[in-house]
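One structure is given here, and the rest of the page talks about it.
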Amino acid sequence: MRPPDPSEMPATGASNVRPRVRIQTPALAHEAAQAAANARPTDALRGSPRGEQDSALTVGREAIFDVQDLSVSYGSSQAISGVTLQIHRNLITAIIGPSGCGKTTFIRSLNRMNDSVPGFTIDGKILYHGHDIYDRGVDRVEVRRRIGMVFQRPNPFPKSIYDNVAWAPRNLKMKSGLDERVERALRGAALWDEVKDRLKDSALGLSGGQQQRLCIARAIAIQPDVLLLDEPASALDPIATAAIEELMQTLKNRYTIVIVTHNMQQAARVADRTAFFNLDASDGRRTGVLVEYGDTDVMFTRPADTRTSDYVTGRFG
Amino acid sequence: MTDPDDPDVTPREASDPSDAALQATAELDSLSLLAEDLLDPSGPLTPSGHLRRRQMVSRLAEAAQTTAAVLAVAVLGILVYSVASRGASVLSIGFLTKDPPVLSGVAGGGIAPAIVGTALIMAVATAIAMPMGILAALFLTEFAGRWTARAIRLALDLLNGLPTIVVGLFVFGLLVVGHHQSGFAGSVALAIIMLPLIARATQEVLTLVPAGLREAADALGVCHWRTVLGVVLPTARGGILTATVLAVARAAGETAPLIFVCSIFSNTTSLNLFGQALPNIPVYIFNASEAAERYGFARAWGAAFVLLAFILLASLGGRALGRRATLSR
Ligand SMILES: Nc1ncnc2c1ncn2[C@@H]1O[C@H](COP(=O)(O)OP(=O)(O)OP(=O)(O)O)[C@@H](O)[C@H]1O
Ligand SMILES: [Mg+2]
């Protein structure tokens with residue numbers, strides 16, 4: 001049972017991973033290598049990026065992700081461009097914005113889930129604990145080992161409830177104390193009491209809300225460093241949603257959470273920090289851009305940008 | 001709200017909702033002016049005009065299709081009936097368990113050596129073709145790039161369309177020339193016939209495994225091969241089994257390749273896969289019906305009935321398996 005040390009990213013399986021990545025300039029690549037060489041968690045504390053307000057929440061808090069001028073394209077169409085932001089440890093960061101503005105694209109880029117999408121290219125840098133996750137020699141399996149993800153639609157494996165949670169630990173050689181690990185994960189996902197008597201039953205027999213919490217349990221069973229949630233409650237009723245929101249508040253003590261949501265109230269309720277993405281159509285093409293990023297209460301009460309205030313108050317274009 | 005995909009609507013226009021609404025109404029009006037005959041929504045709901053003629057054409061087409069379908073079923077029915085009515089008379093426990101008589105022109109005896117031989121040849125052929133077919137399908141769906149996958153699919157389809165007699169000839173040149181006929185050579189020939197069937201059908205099943213399951217497994221920081229073994233294959237297990245059973249049913253009756261590579265056999269039960277040609281049902285039927293004597297003919301019909309029954313049962317069983325597998329998903 002090895003607790004992951006997120007500050008070290010060994011370059012395992014370097015030879016067989018060839019991400020479709022354009023490294024911007026040799027200078028940047030060199031910088032990344034240097035950062036990787038001497039980065040310790042404390043070194044990752046940096047000044048706030050452009051467009052981001054200073055905040056009491058982030059002062060003295062380690063930036064887990066440092067996204068620098070990120071642009072993502074699928075084939076010839078650009079999905080997001082010029083996104084610069086930092087995501088801080090043990091906070092819940094919400095990503096909001098209209099449909100198609102690249103929220104999913106953004107968080108899928110954070111753990112390299114987009115690598116297998118045909119035509120996917122990325123520009124700019126995503127530093128995770130100071131390591132460029134798209135750097136040559138970084139193994140995406142290792143990236144995902146530390147940065148877990150829960151998807152919009154619950155997608156349990158067609159296996160028993162127990163095996164759903166135990167599958168990844170088994171494959172990652174975390175076999176000792178497997179029962180306790182499964183129980184801890186299910187308790188962590190606030191599901192234990194509902195399923196403890198039917199662990200051997202198929203996970204497909206659970207309700208949608210239970211399935212989604214099972215997916216969260218599955219993700220935290222391997223004790224990642226970061227949890228990415230892409231609209232985890234959009235297929236759920238208000239009660240199941242409330243359960244998951246409550247769950248996030250306890251999870252953030254251990255994990256750093258990034259959540260995409262369409263639901264403004266949800267962002268206001270759960271998130272410490274909120275990033276507002278919007279579609280920018282100024283040059284005739286529609287690309288997602290980061291409009292504003294700051295503490296949630298600021299974003300919802302006195303945003304600096306009129307586009308943000310229009311969006312959060314429901315006055316669209 | 002305006003259509004977000006409409007390139008004509010610039011943001012400025014879109015920001016004035018009344019403008020956009022006006023424009024949309026105007027577009028609708030011009031559409032209905034183009035339509036020649038305006039629909040009268042209050043008219044009676046009986047067919048009128050073109051519709052009557054279209055209905056007649058459609059009825060004719062339906063009749064033709066029904067006839068064709070009935071004919072297809074009838075062919076199967078007549079075939080099974082004629083084999084069963086001639087073959088059932090010789091069928092008995094002894095027919096399944098005894099050797100054929102040594103002398104020709106004698107009644108009685110059975111086809112036990114051919115049944116055992118076919119079972120053995122098929123088992124080995126399946127043992128060769130199934131793992132290879134599944135691995136090829138996995139490579140196609142999970143690892144190959146788009147172009148490689150297309151090339152391999154094409155190759156498999158061509159292999160599938162290869163005349164079986166050519167396959168037989170190939171294996172003859174490969175394993176029999178310079179050596180001797182053997183049951184193993186028969187297995188190899190049948191495995192070549194089964195391979196594309198299993199690979200293509202498995203590939204179809206694998207593409208049905210929801211992409212969300214693969215993503216979920218990949219997102220857990222597990223190597224993709226583990227994902228394939230632990231999540232993709234178990235989910236597709238039923239379909240893969242069906243594909244294999246159907247391929248077995250298809251290959252079990254193949255005669256042409258066996259005539260080249262596994263046809264000169266004695267009529268005693270043998271398990272010697274490599275040393276000699278094994279008796280097998282298809283070639284036995286061929287030989288016995290060539291012999292032009294009454295009892296041999298009867299045994300040929302009996303063997304044909306046994307083979308047909310096995311193939312029909314395997315096909316039906318495979319299909320039932322497949323249905324259960326899709327239901328449980
Ligand atoms: N796999 C893909 N291939 C090609 N284009 C894609 C792909 N995924 C997303 N896109 C495009 O990228 C843009 C951003 O999509 P994305 O899914 O990130 O938006 P989103 O903000 O998550 O939207 P929603 O709120 O509807 O989920 C869209 O224009 C979309 O069409
Ligand atoms: Mg999305």
Side-chain angles (χ1 to χ4, degrees), chain A residues 4 12-13 16-17 98-100 108 111-118 139-159 163-165 167-173 202 204 215 218-224 227-228 230 279-282 284-286 316-317, chain B residues 1-20 141-150 205-206 208-239 324-329:
Chain A
T12 43
N16 55 16
V17 181
S99 188
R108 283 171 64 95
N111 72 339
R112 295 190 47 172
M113 285 308 290
N114 275 334
D115 282 20
S116 50
V117 176
D139 185 5
R140 63 179 171 217
V141 173
E142 193 57 44
V143 171
R144 292 169 189 163
R145 166 74 191 80
R146 290 157 207 219
I147 308 170
M149 187 158 200
V150 174
F151 298 84
Q152 178 166 1
R153 287 181 46 198
N155 49 9
F157 303 137
K159 300 174 185 292
D163 284 341
N164 258 275
V165 183
W167 183 75
R170 265 195 208 120
N171 280 297
L172 292 167
K173 305 275 179 291
S202 168
L204 302 182
C215 293
R218 189 172 66 182
I220 61 180
I222 56 171
Q223 293 173 303
L227 265 185
L228 307 174
D230 189 358
L279 274 172
D280 176 40
S282 57
R285 293 193 308 181
R286 298 161 159 273
F316 314 105
Chain B
M1 284 281 274
T2 52
D3 179 3
D5 293 331
D6 190 345
D8 293 335
V9 183
T10 64
R12 192 180 304 281
E13 275 173 336
S15 66
D16 190 343
S18 58
D19 255 16
T141 53
E142 306 293 325
F143 299 99
R146 196 140 44 103
W147 289 104
T148 335
R150 199 171 289 181
V205 185
L206 288 178
L208 290 181
V209 175
L213 278 186
R214 287 194 185 85
E215 286 207 321
D218 283 342
L220 289 168
V222 168
C223 296
H224 192 61
W225 177 238
R226 293 278 179 173
T227 299
V228 169
L229 281 186
V231 176
V232 177
L233 268 187
T235 310
R237 187 173 41 203
R324 233 190 39 213
T326 36
L327 283 182
S328 73
R329 200 171 309 127

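Note on naming: letters A, B, ... go to the chains in the order of the sequence lines (proteins, then strands), and numbering restarts at 1 for each one.
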Is it the backbone or the side chain of A:I147 that comes under 4.5 Å from a heavy atom of chain B, or both, or neither? backbone
Calculate, to the nearest 0.5 Å, the distance between atoms CZ and SG belonging to A:R144 and B:C223 respectively. 10.5 Å
Compare every heavy atom of B:G230 with every heavy atom of A:W167, then report the nearest pair and how far apart it is. NE1-CA, 3.6 Å
Tell me every residue that passes salt bridge (charged side-chain N to carboxylate O under 4.0 Å, His left out) with A:D163, counting only those two or more places apart in sequence or in another chain. A:R170
Counting only heavy atoms closer than 4.5 Å, note whether A:R153 contacts chain B via side chain, backbone, both or neither. neither
Over all atoms of both residues, closest heavy-atom pair of A:M113 and B:E215: CE-O, 3.6 Å
Under 4.5 Å from a heavy atom of chain B, the part of A:R285 involved: neither
Flag, side chain of A:N171 to backbone of B:V222, donor-acceptor distance under 3.5 Å: no
ring-ring contact (aromatic ring centres under 6.0 Å, His included) partners of A:F151, counting only residues at least two apart: none
A:N155 versus B:A216, closest heavy-atom pair with distance: ND2-CB, 3.4 Å
Nearest 0.5 Å, please: how far is CG in B:L220 from CZ in A:R145? 9.5 Å
All heavy atoms of A:P156 vs all of B:L213, minimum pair found to be O-CD2, 3.3 Å
